[in-house]
Amino acid sequence: MSVAPPTPMLVEPFEQADRQHEAMVFGLWLFLATEILFFGGFFFLYAVARLQDPGGFAVGGHKANLLLGTINTVLLMSSSATLTVAERAIKAEWRRAARVAIVATLILGTAFLAVKGFEYHEDLSEHLFPTVPGFPFTAVGAIRFWSFYWLITLIHAVHLTIGLAFVARLLWLDRLGTLGPRWMVAEVTTLYWHLVDIVWLLLWPLLYLIGR
Amino acid sequence: MAEDRPPDARTIVLKPLLVWAALFGLGAISLGYALVPGAPLKPLLSLAIVLVQASLVLGAFMKLGKASALVRMTALIGVVWLSFLFLMAFADLATR
Amino acid sequence: MKRDDGATMRSDDTGLLAREPGERTYLTEGTTLRSWLLSTDHKRIAILYAVSITMFFFIGGAAATVIRLELFTPKGDLVTADTYNRLFTLHGVIMVWFFLVPSIPATLGNFLLPLMIGAKDVAFPRLNLMSWYLYVIAGCFTLAALLLGGVDTGWTFYTPFSTLYSNSYVLLAAFGIFVVGFSSIATGINFIATVHLLRTKGMTWMRLPLFCWSMYATSLVMVLATPVLAMAMVLICAERLLGLPIFDPRAGGDPLLFQHLFWFYSHPAVYIMILPAMGVVSEIIACEARRRVFGYQFMVYAMLVIAVIGFLVWGHHMFVSGQSPFASMIFSFLSFVIAVPSAIKVFNWTGTLYRGTIRFSAPMLYALGFVGLFTLGGLTGLFLASIPVDVHLSDTYFVVAHFHYIMVGGSVSAFFGGLHFWWPKITGRLYSETFARSAALWLFFGFNFTFFPQFILGYLGMPRRYHEYPPEFQVWNVMSSTGAVVLAVGYLMPLFYLGYSLFYGERAPDNPHQATGLEWTTTSPPPKHNFLVFPVVRTEAYAYHDWDEAPGKADETMQDERA
Amino acid sequence: MLESASTIAPSVDRIFWVLVGLSVVIMTVVGTLVLSFAIKYRAGTKAYRGPLPDWMSREVEIGWTVATLFVALFVFWWAVSAQLPHFLLPKRALEIHIVAKQWMWKAQHPEGVREIDALHIPQGVPVRLEMTSQDVIHSFGVPAFRIKQDVLPGRYTATWFEATKAGDYHLFCTEYCGTDHARMTGTITVMPPESYATWLAAQPHGEDLAGEGAQLFTKFGCSGCHGAGARVPAPPLAGLYDRPVTLADGSTVTADEDYLRTSILRPEAQVVAGYPSVMPSYQGVASEEQVVAMVAYIKALEQGRSEAR
């Protein structure tokens with residue numbers, strides 16, 4: 001087994017591997033800083049709404065489907081773990097193990113979206129959308145909780161779908177046989193995926209554990 | 001970026017699973033504590049647990065600790081600039 | 001035309017793109033449309049950007065001209081109230097997001113940053129091309145919104161008007177701005193990575209030209225401010241599309257919440273517009289005065305301090321909005337503190353002129369014009385930072401004059417200065433100095449004639465965004481409107497003589513201004529990979545003369561090297 | 001130039017003209033320096049161009065930076081100290097309630113007189129404006145008084161002024177509010193107190209504001225719970241205004257106009273401790289003017305008298 005990761009494929013302006021690696025990780029982390037600020041803005045909205053009417057917020061939060069939320073959290077945690085396994089397998093050129101781990105991540109990710117879709121269906125059947133006529137609450141806090149819930153989970157789901165596309169791209173690169181030399185692309189993809197996971201780890205208590 | 005020891009099954013598969021177990025455990029604690037009726041400071045504790053989980057993911061999965069100073073600074077700056085938004089906006093919202 | 005210091009030039013006209021037949025420059029690398037539209041060469045992407053922002057500049061300018069024509073008379077007789085509202089919104093949205101924010105970073109920055117630090121290209125060339133495509137897609141959305149009927153919310157999109165009461169194409173425009181945000185994030189990430197990782201041997205941080213420092217500081221602000229704008233636009237789209245009552249006052253929504261999120265981006269955005277201009281002006285003044293920049297390190301720290309504190313001052317837009325007095329005082333204090341770095345820069349530009357050998361080329365006229373207009377713009381910012389005066393002047397024409405002095409007097413004249421200064425390097429052609437200088441003077445007077453009366457209008461209390469006003473304001477409005485016509489004509493001039501120079505202009509030598517800077521050590525126009533042999537930097541930037549020497553002497557030595 | 005017709009106008013103008021002076025000084029300094037250097041050191045002149053004199057060094061640069069910072073902070077201190085007294089709303093003031101609606105101003109005097117796009121006020125009496133908007137954000141701007149205050153939907157915003165000169169002054173809406181933003185103007189007529197009194201008496205008006213509020217209090221059925229002999233548990237309103245109220249979630253707020261308005265329109269947002277949250281919301285039932293009248297009535301209860309002053 002080779003000690004160092006396989007010799008990487010160099011892209012345009014870079015001549016040395018470590019410079020290109022530093023650039024890709026640094027560039028991606030700059031993008032992750034924008035993601036932190038983007039989601040941070042929504043959490044600021046959450047903080048203002050919750051402090052404005054804590055009682056109503058808790059009443060609204062109580063109706064969130066804790067079981068499905070918890071299942072999703074476990075799914076996403078596991079997908080982070082499997083993607084880390086995949087990335088390390090790619091670096092160690094364990095192609096078969098990498099392929100299995102990537103597929104596992106894709107399955108876990110799609111499962112998350114499926115459970116989310118099912119949860120949306122449940123929520124809608126209980127009229128838990130602020131503008132739906134049968135919305136059970138009048139408290140300001142509850143209205144704002146549910147508008148925040150739909151907004152943030154939809155945006156997180158969009159980010160997750162984009163993440164799934166990039167992870168699937170790794171599988172495509174593996175089929176082309178260039179995944180080994182392009183292990184940097186794999187590393188950068190996992191960084192993005194882990195941030196989407198961290199955002200959900202923070203979202204889970206804020207949406208599902210309040211008002212219990 | 002050579003690993004310090006030759007990569008074998010331990011570092012590739014076992015370590016991530018251990019980290020996963022830690023994340024799962026922390027999540028269980030957070031859930032358990034939240035379901036105890038009347039327990040004090042629930043939001044605080046759940047946020048503290050999220051902080052630990054996040055640093056686990058950052059450290060073990062994303063290897064932020066081993067990244068260059070530049071990359072760690074970038075991650076820090078994202079959070080510091082977010083605190084600007086919170087601090088200055090709440091300077092208005094809290095004192096109105 | 002001979003430059004006044006007698007540099008010799010070959011003026012044989014060998015086709016459009018290169019000096020000698022067979023010479024390979026980035027222009028000769030491919031002449032098909034496809035080679036331009038799919039090129040990842042930072043120089044070509046700069047030109048793609050230059051063309052597209054010029055188009056948007058004239059759309060925004062047309063709207064401004066109609067607005068000023070309407071304001072000739074107190075009665076609203078040229079356009080209806082609704083059309084007027086859509087015109088000033090169009091002017092604001094197009095000028096801010098589609099001209100000013102990308103103007104210097106995406107054109108001069110894209111072209112010159114790799115050249116100035118001795119790199120082959122930016123760190124992520126494909127991301128650079130994606131940035132332009134995001135810009136074009138966003139432009140299509142916004143133009144679609146404007147053609148279908150326009151937006152009548154003002155460029156600030158204040159809620160609850162933009163979310164509940166406006167029935168114009170707010171959704172399309174908000175999505176357009178959401179997408180153009182990612183274009184500037186992509187440029188920002190690219191520049192930060194390039195400056196950190198692709199500097200040539202010897203180019204240490206403190207040897208970076210100030211233009212590169214300004215690109216670095218601007219990119220920091222672009223990357224860290226734009227996400228919150230994207231988030232605010234998503235909130236507007238969510239409320240209009242899904243009906244989620246985020247800012248609906250009947251459901252406890254606080255309209256000030258949107259203002260906090262919007263201004264958290266929009267004040268740093270004005271620093272995105274002015275920091276590049278400061279970089280361009282430092283380059284031009286140092287070169288045309290043949291002197292090292294006075295207090296180089298102060299200039300660098302001033303730009304970084306502006307970039308950071310720029311994120312803490314947004315509340316001065318909300319002194320009268322119902323914000324708490326405590327927060328108003330904090331934002332007022334920090335707005336006064338941020339005036340200091342700008343003051344340092346003005347003193348240092350003036351200090352650079354001292355004991356220099358000053359040439360009044362067109363770029364220098366724009367740069368000196370910038371120093372004057374930016375100083376006045378900055379000083380009027382002090383008026384608006386002090387709360388009692390801002391209560392009187394807020395939302396009046398005083399504010400309109402203040403930000404036009406900074407954006408048009410400052411950023412646009414610096415952009416024109418930079419465009420003229422690096423025109424020989426970008427196109428390999430020389431433009432006619434007499435035309436360029438007269439255009440610069442024309443624009444300077446047209447600008448002052450348009451916007452100085454608006455300070456007086458503002459003090460008298462004429463509110464912004466009014467197409468009908470009491471008769472006693474008419475005198476100043478007529479003055480401002482005639483000035484606007486002069487200005488509009490002035491802006492057409494460069495199109496002609498720069499366009500003319502593209503085809504019939506003299507061939508430019510590698511270093512027409514005898515400037516120091518790596519971009520002048522390569523050919524003009526530069527080859528595809530910028531340098532045939534990559535330079536090694538041994539001296540500080542702006543080494544126009546040794547520390548203990550007069551500028552005159554260095555000029556002779558530079559002449560001998562050249563001959 | 002612009003007349004100064006309120007007590008704060010002179011102090012605002014003083015700061016304004018000092019800043020204009022400061023700007024003229026700085027512009028002349030920078031202008032003359034740039035022009036003189038441009039002329040003296042233009043290419044081709046034989047001026048001395050040796051190395052920079054040693055006094056133009058780092059320390060000088062630090063010096064003028066600190067000097068600029070000091071001037072900036074001085075102006076900040078002066079501006080804030082001039083603004084502080086204006087932040088505090090005077091207690092003994094003539095209270096005018098303003099309701100802004102897309103493209104018109106509606107004013108209500110405590111005596112019940114109503115005006116549209118106009119406001120008659122006595123000279124020399126501090127006037128407190130309690131303002132709210134029925135739709136979007138507007139802004140009550142009177143250049144002659146140097147005052148401006150955004151009028152927000154969903155809550156009260158307040159400002160005050162004391163007119164010093166009689167006459168008619170422009171009122172502008174200074175926050176963009178839609179199609180006829182430019183036509184949402186009005187005139188403020190400042191009259192000597194005696195002619196204000198005669199004008200007031202001549203105006204056709206029925207009940208005063210608090211009296212009107214009393215009628216609405218019964219019409220909307222508030223007296224059913226909050227009235228004297230009510231059996232339903234509801235917080236007492238007599239003497240409530242400006243007193244601290246502890247809410248169900250343990251926090252305490254002072255019962256100002258905002259609290260009273262929110263309790264009428266969105267009662268569940270601030271439930272009083274010890275009371276069930278059963279009060280129906282009057283959002284959409286009571287108009288802003290009616291809420292203003294009821295708030296005036298509840299405030300009047302404080303003096304234990306049913307009719308107003």
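Below, each value reflects all heavy atoms present in this structure, side chains not excepted, and no hydrogens, waters or symmetry copies. Source: prediction; values computed, not measured.
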Could you go step by step and tell me if A:Leu160 and A:Lys116 meet the side-chain contact (heavy atoms from CB on, under 4.5 Å) rule?
-> CA-CA 11 Å; A:Leu160 197 98; A:Lys116 198 69 211 157; over 6 Å; no
Evaluate the criterion salt bridge (charged side-chain N to carboxylate O under 4.0 Å, His left out) for residue pair A:Arg19 and A:Glu22; output intermediate values, then yes/no.
-> CA-CA 5 Å; A:Arg19 297 298 283 177; A:Glu22 178 68 3; over 6 Å; no
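Per-residue counts of heavy-atom pairs under 4.5 Å with chain B were compared for A:Leu195, A:Leu32, A:Thr34, A:Val48; the largest is that of A:Val48. Counting heavy-atom pairs under 4.5 Å between each of B:Gly78, B:Pro37, B:Ala67, B:Ala94 and chain A puts B:Gly78 at the top. If you tally non-hydrogen atom pairs under 4.5 Å between each of B:Ala89, B:Pro16, B:Ala54 and chain A, the highest count goes to B:Pro16. Considering only heavy-atom pairs separated by less than 4.5 Å from chain A, the leading option among B:Leu93, B:Leu82, B:Leu26, B:Leu76 is B:Leu82. Most heavy-atom pairs under 4.5 Å with chain B, from the set A:Ser78, A:Ala101, A:Ala86: that is A:Ser78. Between chain B and the options A:Ala81, A:Ala17, A:Gly41, A:Ala97, heavy-atom pairs under 4.5 Å are most frequent for A:Ala81. The greatest number of non-hydrogen atom pairs below 4.5 Å with chain A, out of B:Leu70, B:Val36, B:Leu58, B:Leu85, is found for B:Leu70. Contacts with chain B were tallied for A:Leu191, A:Leu28, A:Ile210; A:Leu191 has the most, counting heavy-atom pairs under 4.5 Å. Counting heavy-atom pairs closer than 4.5 Å to chain A, the top residue among B:Ile77, B:Val79, B:Leu14, B:Thr74 is B:Thr74.
Interface remark: B:Leu64 contributes side-chain atoms only to the contact with chain A (heavy atom separation under 4.5 Å). With a 4.5 angstrom heavy-atom cutoff, B:Leu47 touches chain A only via side-chain atoms. Contact annotation for B:Leu31: both backbone and side-chain heavy atoms come within less than 4.5 Å of a heavy atom of chain A. When heavy atoms are compared at a cutoff of 4.5 Å, B:Ala39 does not approach chain A at all. Residue contact with chain B, scored on non-hydrogen atoms closer than 4.5 Å, involves the side chain of A:Ile198 exclusively. Heavy atoms closer than 4.5 Å to chain B are found in the side chain of A:Leu206, but not in its backbone. Looking at A:Ser80, both its backbone and its side chain come within 4.5 Å of chain B, counting heavy atoms on both sides. B:Val19 does not touch chain A: none of its heavy atoms, backbone or side chain, sits under 4.5 Å away. Looking at A:Trp193, neither its backbone nor its side chain comes within 4.5 Å of chain B, counting heavy atoms on both sides. For chain B, no part of A:Thr190 is nearby; none of its heavy atoms comes within less than 4.5 Å. In this structure, chain B has a heavy atom under 4.5 Å from the side chain of A:Leu66, while its backbone stays farther away.
For B:Phe84 and B:Trp81, the distance between ring centers is under 6.0 angstrom. Ring centroid separation for the pair A:Phe42 and A:Phe148 does not come in under the 6.0 Å cut-off. A centroid separation of less than 6.0 Å is found between the aromatic rings of A:Phe112 and A:His156.
The backbone N or O of A:Pro8 sits nowhere less than 3.5 Å from a side-chain atom of A:Arg182 that would complete a donor-acceptor pair. With hydrogens and angles ignored, the 3.5 Å screen pairs a side-chain donor or acceptor of A:Gln20 with a backbone N or O of A:Val11. At least one donor-acceptor pair closer than 3.5 Å links the side chain of B:Ser83 to the backbone N or O of B:Val80.
Sparse packing is recorded around CZ of B:Phe24, with 12 or fewer heavy atoms of other residues, nucleotides or ligands lying under 6.0 Å away. Residue A:Tyr120 places its OH atom among more than 12 non-hydrogen atoms of other residues, nucleotides or ligands, all under 6.0 Å distant.
Between A:Phe145 and A:Phe57, the ring planes lie perpendicular to each other; the angle is over 60°, past the 30° to 60° tilted range.
Checking A:Thr105 against A:Thr82 by side-chain atom types alone, a donor-acceptor pair falls below 3.5 Å.
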